[in-house]
Amino acid sequence: MSIHSAVNGRGDQGFMGDYLESLALVERLHRLLLDVIKDEFERVGVLEINAVQALLLFNIGDNEVTAGELKSRGYYQGSNVSYNLKKLVEMGYMHHQRCEIDRRSVRVRLTEKGRNVRDVVEALFARHADGLESRGVIGPDAMNTINGDLRRVERYWSDQIRYIY
């Protein structure tokens, strides 16, 4: 049974129902975030990269990283990040260089073209943050509470993975 059908098909189930609703909201928000990023890039006429790739560029920022580091930060799955990094290098959004110590590992950093994409995403997020606060959708205290709650769920899930066996 999907999270969506569990939430919508069983009505109020107390804490379990609230938990399933939260899971469904997190899933929907992630998909919606990708749609918002996609729409922004269509608006500014950048059509050769997808929203996942734009978000990847934003998350790398000014850092020089390996695919493994991005995976360990919890941003991306293995094959997904490797594929997207390869495409971004091919399209000129990233530089890549083999590590001197471990020749199997490749370090990547943004090119000027990649930094331009990062800047578009950063400006989009800044407009959203300003709009959410100025329109009273959510204030700083509520945002801090949400972030704290989500960090605790993240720690709980991480502990489940680490200590389940």
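- In this structure, CE in M143 is found 10.5 Å from OG1 in T145, a value given to the nearest 0.5 Å.
- Remark: side-chain polar atoms of K38 are not paired, donor with acceptor, to backbone N or O of V52 under 3.5 angstrom.
- Two residues are said to be in side-chain contact when any heavy atoms from C-beta on lie closer than 4.5 Å; L85 and L56 meet this criterion.
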Does the pair E112 and N116 meet the rule for a side-chain contact (heavy atoms from CB on, under 4.5 Å), with working shown? CA-CA 6 Å; E112 183 65 30; N116 290 338; 3.6 Å; yes
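- Note that CG of L34 is 11.0 Å distant from CG of L29, once rounded to the nearest 0.5 Å.
- Side-chain contact of Y93 with E48: a donor-acceptor pair under 3.5 Å is present, judged by distance alone.
- The aromatic rings of H128 and F125 lie tilted to each other, with the angle between the two planes from 30° to 60°.
- The shortest distance between side-chain heavy atoms of N50 and I37 does not fall below 4.5 Å.
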Begin from the C-alpha positions of L70 and I60 and carry the test side-chain contact (heavy atoms from CB on, under 4.5 Å) through to its verdict. CA-CA 8 Å; L70 289 168; I60 291 171; 4.0 Å; yes
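- Without hydrogens or angle criteria, R109 side chain to M94 main chain gives no donor-acceptor distance under 3.5 Å.
- Side chains of R127 and D130 form no contact here, defined as non-hydrogen atoms less than 4.5 Å apart.
- Listed for the N84 side chain is no donor-acceptor partner under 3.5 Å among the backbone atoms of V81.
- Atom NZ of K87 has 12 or fewer heavy atoms from other residues, nucleotides or ligands within 6.0 Å.
- Side-chain atoms of R107 come within 3.5 Å of backbone atoms of E64 as a donor-acceptor pair (strictly under, hydrogens ignored).
- In the displayed structure, Q97 atom CD is contacted under 6.0 Å by at most 12 heavy atoms of other residues, nucleotides or ligands.
- Taking hydrophobic clusters as Ile, Leu, Val, Met, Phe, Trp and Tyr residues chained together by side-chain heavy-atom distances below 4.5 Å, M16 shares a cluster with W157.
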Stepwise side-chain contact (heavy atoms from CB on, under 4.5 Å) test for V117 and L110: CA-CA 10 Å; V117 167; L110 303 186; over 6 Å; no
What's the verdict on side-chain contact (heavy atoms from CB on, under 4.5 Å) for T66 and V108, showing C-alpha distance, side-chain angles and the deciding distance? CA-CA 6 Å; T66 65; V108 295; over 6 Å; no
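- Proximity of a side-chain donor or acceptor of T111 to a complementary backbone N or O of H95 within less than 3.5 Å is not detected.
- In this structure, R118 pairs ionically with D62, as a charged nitrogen and a carboxylate oxygen lie closer than 4.0 Å.
- Taken to the nearest 0.5 Å, the CD atom of E154 stands 12.0 Å off from the CZ atom of R152.
- At a threshold of 4.5 Å between side-chain heavy atoms, the hydrophobic network of Ile, Leu, Val, Met, Phe, Trp and Tyr places Y19 and Y156 in one connected group.
- Between K86 and H96, the closest side-chain pair of non-hydrogen atoms is not below 4.5 Å.
- Rounding to the nearest 0.5 Å places CD of Q53 at 9.0 Å from CG of N80.
- V120 places none of its side-chain heavy atoms less than 4.5 Å from the side chain of V46.
- Note: the hydrophobic cluster containing L57 also contains V36 (ILVMFWY, side chain heavy atoms under 4.5 Å, direct or indirect links).
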